[in-house]
Amino acid sequence: MPENVKLMISKLEERGYKAFAVGGCIRDSVMGIMPHDWDICTSALPEEILSALGKHNVIDSGLKHGTVTVKFDKELYEITTFRTDGKYSDNRRPEQVTFITSLEEDLARRDFTVNAMAYNDSEGLRDPFGGQEDIKRGLIRCVGDPDERFNEDALRILRALRFSSRLGFEIEEQTAESIRKNAGLLKNISAERIASELTGILDGKYCERVLLEYPMVLSVFIPEIKPMVGLDQRNPHHIYDVWTHTVKVVGNAPQGKVMRLAALLHDIAKPCCFTVDDRGTGHFKGHPELGAEMASHILKRLHLDNDTISKVKLLIHYHDRRPMPEPRQIRRLVSKTGVEMFIPLMELKRADTKGQNPETIPGKLKKLDEIEAVFRQVTADGSEFNIKSLAINGGDIIALGVNEGKEIGRLLSEMLELVIEGNAPNEKQALLEEIKKRLNSGDDTKQKNQ
């Protein structure tokens with residue numbers, strides 16, 4: 001326990017109050033994980049906390065619900081008065097709280113047993129609901145009646161999935177049954193909070209098991225997932241249904257918000273694009289392009305930031321491109337993705353490949369390695385393969401006597417095409433000479449027509 005936490009607990013105890021470190025920091029400590037945050041609960045009322053710790057150290061926010069934020073050595077700590085919660089009318093927050101003096105009653109209102117433990121040096125570990133034993137067994141279990149806990153705060157449904165994904169814990173049977181029964185309550189939760197929990201679920205080391213077991217929970221706020229579940233792809237490249245394949249891609253993708261969201265949504269349009277040919281083989285023509293648009297709409301609904309949406313959309317749009325490992329095709333693809341997103345695209349394609357038919361995986365991965373090697377060759381000189389990266393700009397073309405904006409743009413695009421195709425070096429003099437040839441050719445054509 002950090003010295004600052006011990007000091008604050010000590011100051012409260014000196015005034016005759018009970019005080020404990022509580023919640024996730026104790027769970028992580030029991031598991032041998034270094035906590036990121038330390039929270040304290042106490043029998044002291046908010047104004048008594050202010051008196052005991054000094055008002056100059058306290059940010060007086062959350063006082064209505066008994067919480068004050070204390071600043072020590074530039075670190076922030078939340079201290080909350082023991083309380084019970086009143087009626088929940090919005091499946092998110094209590095209409096009122098009642099301050100109490102019992103630690104056990106305070107812990108009884110918390111979400112899961114692993115988060116309902118408290119500790120201080122004078123009394124040791126307080127664990128009235130068996131959180132320590134559930135950690136040993138690897139279980140996420142609600143404190144008390146799961147239906148009550150989830151009706152109080154529906155976001156706890158996603159928190160349970162996030163803890164399972166992060167810690168690798170199973171969700172206890174009664175709690176799991178309640179999650180499925182009450183998943184619809186998530187419609188009452190703000191998009192921002194859902195997005196935060198979703199990215200946490202996706203980023204977990206054990207996310208595959210959670211996604212496979214609870215697709216209908218995610219379908220509450222991403223209904224486009226529902227038709228993916230059980231959809232047989234009927235294609236020799238695939239041995240899994242669309243949802244199982246998707247889950248495996250998520251698990252194989254590098255951790256991080258952009259990569260995991262792109263993996264989750266990369267085949268979101270397959271149910272819309274599914275066709276079967278005369279031989280009974282399934283096809284999904286156009287699914288990357290449509291999927292990119294669908295993903296954009298989904299992420300906007302969840303209020304994700306524009307940068308994330310843009311990157312996810314790009315990755316999905318190009319995830320099924322299959323260039324040959326030769327400079328011209330790689331330069332062309334880089335001109336579409338940009339240098340920054342090319343390697344993430346390759347990472348998504350690797351994850352996608354690993355979720356396909358095992359017989360085809362080695363050859364496809366080898367080709368991706370070859371593509372990446374060519375990419376490093378063609379970008380070794382810092383080439384970006386877009387108009388901004390050309391050795392010339394609009395001013396250079398104006399200096400040659402061209403003033404019309406559309407004509408300048410056309411010439412720049414043509415020079416970019418020459419560089420991409422490998423038919424001209426990206427050097428100022430060489431490109432200007434090419435433009436002069438085209439301008440002179442245009443003059444000759446005009447004279448012949450006159």
Student: Do L211 and L202 come within less than 4.5 Å of each other through their side chains, counting heavy atoms only?
Tutor: yes
Student: Please check this pair: side chain of N357 against backbone of H238, looking for a donor-acceptor N/O pair closer than 3.5 Å.
Tutor: no
Student: Could you walk me through whether Q356 and H237 satisfy the side chain to side chain donor-acceptor pair (under 3.5 Å) test, starting with their C-alpha distance in whole Å, then the side-chain angles of each, then the deciding distance to 0.1 Å, before giving a yes or no?
Tutor: CA-CA 6 Å; Q356 298 177 14; H237 292 279; 4.8 Å; no
Student: With no hydrogens and no angle check, is any side-chain donor or acceptor of D241 less than 3.5 Å from a backbone partner on D232?
Tutor: no
Student: Applying side-chain contact (heavy atoms from CB on, under 4.5 Å), run through L265 and M294 and close with a yes or a no.
Tutor: CA-CA 8 Å; L265 301 175; M294 290 176 65; over 6 Å; no
Student: Which of these passes salt bridge (Lys or Arg N to Asp or Glu O under 4.0 Å) with E417: R331, R328, R332?
Tutor: R332
Student: Quick check: do M117 and F129 have side-chain heavy atoms less than 4.5 Å from each other?
Tutor: no
Student: Does atom CG of D145 have more than 12 heavy-atom neighbours, drawn from other residues, nucleotides or ligands, at distances under 6.0 Å?
Tutor: yes
Student: Is R126 salt-bridged to E104, cutoff N-O under 4.0 Å?
Tutor: yes
Student: Closer than 3.5 angstrom, by distance alone: can the side chain of R209 be matched with the main-chain N or O of F169 as a donor-acceptor pair?
Tutor: yes
Student: Are the side chain of R162 and the backbone N or O of D203 linked by a donor-acceptor pair below 3.5 Å?
Tutor: no
Student: Could you tell me whether D305 and K257 have a side-chain N and a carboxylate O separated by less than 4.0 Å?
Tutor: yes
Student: Any idea which heavy atoms bring T337 and L314 closest together, and the distance?
Tutor: O-CD1, 3.7 Å
Student: Parallel, tilted or perpendicular: which one describes the rings of F284 and F274, with boundaries at 30° and 60°?
Tutor: parallel
Student: So, R193 and E197, do they make that salt bridge, N to O below 4.0 Å?
Tutor: no
Student: Decide yes or no on side-chain contact (heavy atoms from CB on, under 4.5 Å) for Q233 and K270, but give the supporting numbers first.
Tutor: CA-CA 9 Å; Q233 303 196 62; K270 274 192 169 181; 2.7 Å; yes
Student: Specify the closest pair of heavy atoms between I171 and A160, including all atoms of both residues, with the distance to one decimal.
Tutor: CD1-O, 4.0 Å
Student: Tell me the closest heavy-atom pair linking F385 and V378, and the distance in Å.
Tutor: CZ-O, 3.4 Å
Student: Parallel, tilted or perpendicular: which fits the ring planes of F342 and F375, with parallel below 30° and perpendicular above 60°?
Tutor: parallel
Student: How about NZ on K226, more than 12 heavy atoms from neighbouring residues, nucleotides or ligands closer than 6.0 Å, or not?
Tutor: no
Student: Is any side-chain heavy atom of E105 less than 4.5 Å from a side-chain heavy atom of F82?
Tutor: no
Student: Please assess K313 against E293 for the test salt bridge (Lys or Arg N to Asp or Glu O under 4.0 Å), listing each intermediate value before the final yes or no.
Tutor: CA-CA 7 Å; K313 185 177 178 181; E293 295 304 319; 3.2 Å; yes
Student: Distance-only, no hydrogens or angles: does the T353 side chain make a donor-acceptor pair with backbone N or O of K349 under 3.5 Å?
Tutor: yes
Student: Would you say M324 has more than 12 foreign heavy atoms packed within less than 6.0 Å of its CE?
Tutor: no
Student: Would K311 and E340 pass as an ion pair if we require N to O under 4.0 Å?
Tutor: yes
Student: So does A195 get a backbone contact from the side chain of T199, meaning a donor-acceptor N/O pair under 3.5 Å?
Tutor: yes
Student: Heavy atoms only: give me the nearest L212-W243 pair and the separation to one decimal.
Tutor: CA-NE1, 4.2 Å
Student: Does I40 reach the side chain of T80, with side-chain heavy atoms less than 4.5 Å apart?
Tutor: no
Student: Taking T69 for its side chain and Y77 for its backbone only, find out whether a donor-acceptor pair lies under 3.5 Å.
Tutor: no
Student: Please name the pair of heavy atoms, one in R322 and one in K367, separated by the smallest distance, quoted to 0.1 Å.
Tutor: O-NZ, 4.3 Å
Student: Do I225 and T246 have side-chain heavy atoms sitting under 4.5 Å apart?
Tutor: no
Student: Are the side chain of N426 and the backbone of S389 linked by a donor-acceptor contact shorter than 3.5 Å?
Tutor: yes
Student: Between R156 and C142, is any pair of side-chain heavy atoms under 4.5 Å apart?
Tutor: no
Student: Is the shortest distance from a Lys or Arg side-chain nitrogen in E347 or R350 to a carboxylate oxygen in the other one below 4.0 Å?
Tutor: no
Student: Can you tell whether the side chains of D134 and R137 come within less than 4.0 Å, N to carboxylate O?
Tutor: yes
Student: Indicate yes or no: at least one non-hydrogen side-chain atom of R149 is less than 4.5 angstrom from one of S178.
Tutor: no
Student: Is there a side-chain contact (heavy atoms from CB on, under 4.5 Å) between M228 and L231 once you walk through the steps?
Tutor: CA-CA 5 Å; M228 299 168 70; L231 178 58; 5.8 Å; no
Student: Would you verify whether the NZ or CZ of K336 falls within 45 degrees of the ring axis of Y318 while also being under 6.0 Å from that six-membered ring's centre?
Tutor: no
Student: Give a yes or no on whether a salt bridge exists between R166 and D28, defined as a side-chain N under 4.0 angstrom from a carboxylate O.
Tutor: yes
Student: Given L412 and M415, is the side-chain contact (heavy atoms from CB on, under 4.5 Å) satisfied, shown in steps?
Tutor: CA-CA 5 Å; L412 286 172; M415 293 306 102; 5.7 Å; no
Student: Quick one: closest heavy-atom pair of H245 and G355, and the distance?
Tutor: ND1-O, 2.9 Å
Student: Is there a donor-acceptor pair under 3.5 Å between the side chain of T281 and the backbone N or O of D277?
Tutor: no
Student: Does K436 pair with E433 as a salt bridge, N-O distance under 4.0 Å?
Tutor: yes
Student: Is a side-chain donor or acceptor of D369 paired with a backbone partner of E372 at a separation under 3.5 angstrom?
Tutor: no
